[in-house]
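Heads up, the thing below is written out as structure tokens.
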Amino acid sequence: MKRLLSLASLPLLALSAFGAEKAVITLHPSADAPVIAKEIYGQFTEHLGSCIYGGIWVGEDSQIPNTNGYRNDVLGAIRDLKVPVMRWPGGCFADEYHWQDGIGPKEDRPRMINSNWGGTVEDNSFGTHEFMNLCELLGVEPYISGNVGSGSVEELAKWVEYITAEDGPQARRRKENGREKPWKLKYLGIGNETWGCGGHMTPEYYSDIYRRYATYARNYGGNQLYKIGCGADAYNTNWTDVCMKNAGSMMDGISLHYYCVDDWQNKGLARDFDKDDHYWLMGKAFDIDTLVSNHSEIMDKYDPEKRVGLLVDEWGTWWDSEPGTNPGHLYQQNTMRDALVAALSLNVFNNHADRVRMANIAQFANVLQAMLLTKGDSMVLTPTYYVFKSYIPHQDARLIPLDVDTKVLTVRKGRTVPLVTASASEKDGVTTISMVNISLDEPVEVTIPLEAAGIKGKKVEGSIVTAKDIHDHNDFGQKEKVTMAPFKDAKVKDGKLLVTLPAKSVVTLSI
Ligand code: AHR
């Protein structure tokens, strides 16, 4: 039984009057449980602000240390995070992007105005070759989002042919541009937010459009596309219903976008919030659990075997842009509060691994809930980066379903969120459990019966991401305030794992 507490009626500080908070996590290992697709730890890289230009790509002639034009520090960060998949070139940008402008000699590439994002002039110096080569260099799976809004069926069909065909007219162009062998391309998105910036379509109209575009996106040679339909905006389950009914049989995956925003006119700054705002955000982030369940339930109607994946290919926090920056560039700081959102959301995706096959946090560098920020030749790793790093053991590990018995908070707007959330997995005999305590003040004593779950190990190793103050963040020219540190406050006793989660912390333990 979950214990209910209304934050509206009881000040948080009063929690301590009840003694130390306690929670129990019960594990249910099963050989039938799904594997957590590593793609849940995916990234999103859009031509937006300095995500690509300055964040990843500086060009071969830059003074900033680079390899073939990619920043060396950022290459290192991508490798360290074991990024499995990257979505590109947008976002809204994708539906105004014409790929043929981004191939061939750089000096001949036409310029365009990035009208979605601050009216910045795009010189197309980062195009198909630059993206595909980056993925190849790092062993990252590319995910290309095709232009449906302002493109054509022919344009998308030719793009796939250019990238993946061994021979033929598009392969010849590719070879002339210096790339002999085709690349492998698995993930292909057919439009982005076609209910919004991608064309303002109805789901009925888009379903037909999807079928048409998907028909001509061919498999060349041994390449096998995984075709992704544009799915719903957050709570719009009708979109999923109509698209699954009309086009689901031609989809391998359908997307879902979810940003933690209630009031788009007044989002607030990443660094500027009070307790009430903090708990509101935790509740808003945890809504993703209900959303995934609701969309999955609809998908089950048309696809009970769960062949079609639900891909949360944009998610995260979205704050007002940092003062002094171009508001169209969506540059925001990233505090310990964002790290809690990341961990809580990743727990939800892990726990829904039967349907959620990919997730791409928005966005990788310098935009929204980024992994890293860059300024000139400096790079800062964010608290969110460290959460992703600590969750690496879950990539491609078998999910261990679990129950968490913990206090449930009722927060602003009537939302509810558990004080402690968790996810667990097993790989190569190692059990990994990640836990989040969202309380700003209270540690929580957690008991996890291991022996009862058939888990025998006694040796526990762990990491923690936490901060002195929830507002703490990492900034240029300063010592890191939020990082990933070894965690010692856990032990196995009488077949149980006992751990005290400090307030506002993300703890990952391997047994
Ligand atoms: O991530 C920023 C934008 O948010 C994307 O371009 C768009 O798809 C979404 O609305």
Side-chain angles (χ1 to χ4, degrees), residues 42-53 55-56 85-97 112-120 122 126 131 143-151 187-201 206 210 228-236 239 243 253-265 267 270 284-285 288 291 310-322 325-334 338 341-342 345 358-373 382 384:
Q43 297 290 332
F44 174 32
T45 54
E46 180 165 12
H47 288 236
L48 193 180
S50 45
C51 184
I52 299 288
Y53 299 108
I56 294 175
V85 58
M86 275 186 173
R87 178 170 181 253
W88 174 85
C92 296
F93 178 79
D95 280 288
E96 281 191 309
Y97 181 64
M112 68 177 281
I113 293 176
N114 191 336
S115 42
N116 281 290
W117 304 120
T120 309
E122 159 72 53
F126 189 94
F131 176 66
Y143 170 4
I144 284 196
S145 185
N147 180 346
V148 166
S150 72
Y187 297 109
L188 180 70
I190 312 277
N192 168 74
E193 297 194 352
T194 47
W195 37 263
C197 67
H200 293 102
M201 302 175 197
Y206 171 68
Y210 174 88
I228 301 157
C230 166
D233 180 19
Y235 302 89
N236 185 352
W239 183 280
C243 292
I254 187 166
S255 65
L256 172 67
H257 286 185
Y258 185 65
Y259 286 103
C260 292
V261 181
D262 272 334
D263 179 358
W264 286 92
Q265 303 315 313
K267 299 187 285 294
K284 178 74 185 173
I288 190 71
L291 278 188
L310 181 62
L311 280 51
V312 191
D313 64 11
E314 287 186 30
W315 66 275
T317 56
W318 188 323
W319 306 117
D320 285 333
S321 298
E322 284 290 317
T325 65
N326 182 334
H329 287 183
L330 312 186
Y331 178 85
Q332 65 188 42
Q333 249 299 349
N334 193 299
D338 297 274
V341 168
S345 307
M358 189 194 290
N360 308 73
I361 190 168
Q363 300 193 5
F364 178 67
N366 296 320
V367 171
L368 300 179
Q369 192 175 348
M371 300 297 115
L372 54 90
L373 306 174
T382 66
T384 299

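The first residue in the sequence is number 1, and the count goes up from there. Basis for what follows: all heavy atoms, side chains included, without hydrogens, waters or symmetry-related copies. Whatever order the structure lists ligands and atoms in, that order sets their numbers, starting from 1.
- For Gln332, the side chain to side chain donor-acceptor pair (under 3.5 Å) test picks out Thr317, with sequence neighbours left out.
- The ligand atoms of ligand 1 that sit less than 4.0 angstrom from a heavy atom of Glu193 are 7 (C), 8 (O), 9 (C), 10 (O).
- Of the heavy atoms in Asn192, only side-chain atoms (C-beta onward) come closer than 4.0 Å to ligand 1.
- Residue-to-ligand polar distances keep Ala362 apart from ligand 1: every N/O pair is separated by 3.5 Å or more.
- Trp239 and Tyr206 have parallel rings, their planes meeting at less than 30° on a 0 to 90° scale where 60° marks the start of perpendicular.
- Under the 30°/60° scheme for interplanar angles, the aromatic rings of Phe131 and Trp88 are found to lie parallel.
- Distances below 4.0 Å separate heavy atoms of Cys92 from the following atoms of ligand 1: 5 (C), 6 (O), 7 (C), 8 (O).
- Only the side chain of Phe44 comes within contact range of ligand 1, with a heavy atom under 4.0 Å; no backbone atom does.
- For ligand 1, the polar-atom distance check against Tyr259 finds a nitrogen or oxygen pair separated by under 3.5 Å.
- In terms of protein heavy atoms, atom 3 (C) of ligand 1 is closest to Trp117 CZ2, 3.6 Å.
- In this structure, Ser145 and Arg87 have side chains that are in contact, with non-hydrogen atoms separated by less than 4.5 Å.
- Residue-to-ligand polar distances keep Trp318 apart from ligand 1: every N/O pair is separated by 3.5 Å or more.
- Here the heavy atom of the protein found nearest to atom 6 (O) of ligand 1 is Glu46 OE1, 2.7 Å.
- No hydrogens or angles considered: nothing links the side chains of Thr120 and His47 as a donor-acceptor pair under 3.5 Å.
- The backbone N or O of Glu46 sits less than 3.5 Å from a side-chain atom of Gln363, completing a donor-acceptor pair.
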What side-chain donor-acceptor pairs closer than 3.5 Å can you find for residues 89-96, not counting sequence neighbours?
unit_1: Asp95; atom_1: OD1; unit_2: Val148; atom_2: N; d: 2.9
unit_1: Asp95; atom_1: OD1; unit_2: Gly149; atom_2: N; d: 2.6
unit_1: Asp95; atom_1: OD2; unit_2: Asn192; atom_2: N; d: 3.2
unit_1: Glu96; atom_1: OE1; unit_2: Ser115; atom_2: OG; d: 2.8
unit_1: Glu96; atom_1: OE1; unit_2: Asn116; atom_2: ND2; d: 3.1
unit_1: Glu96; atom_1: OE2; unit_2: Ser115; atom_2: OG; d: 3.3

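- Protein heavy atom at the shortest distance from atom 8 (O) of ligand 1 is Glu314 OE2, 2.7 Å.
- Using a 4.0 Å cut-off to heavy atoms of Gln363, the atoms of ligand 1 that qualify are 1 (O), 2 (C).
- Looking at every heavy atom in both residues, Leu373 comes nearest to Ala370 through CD2-CB, 4.3 Å.
- Here Leu368 has side-chain heavy atoms under 4.0 Å from ligand 1, and that is the only part of it that gets that close.
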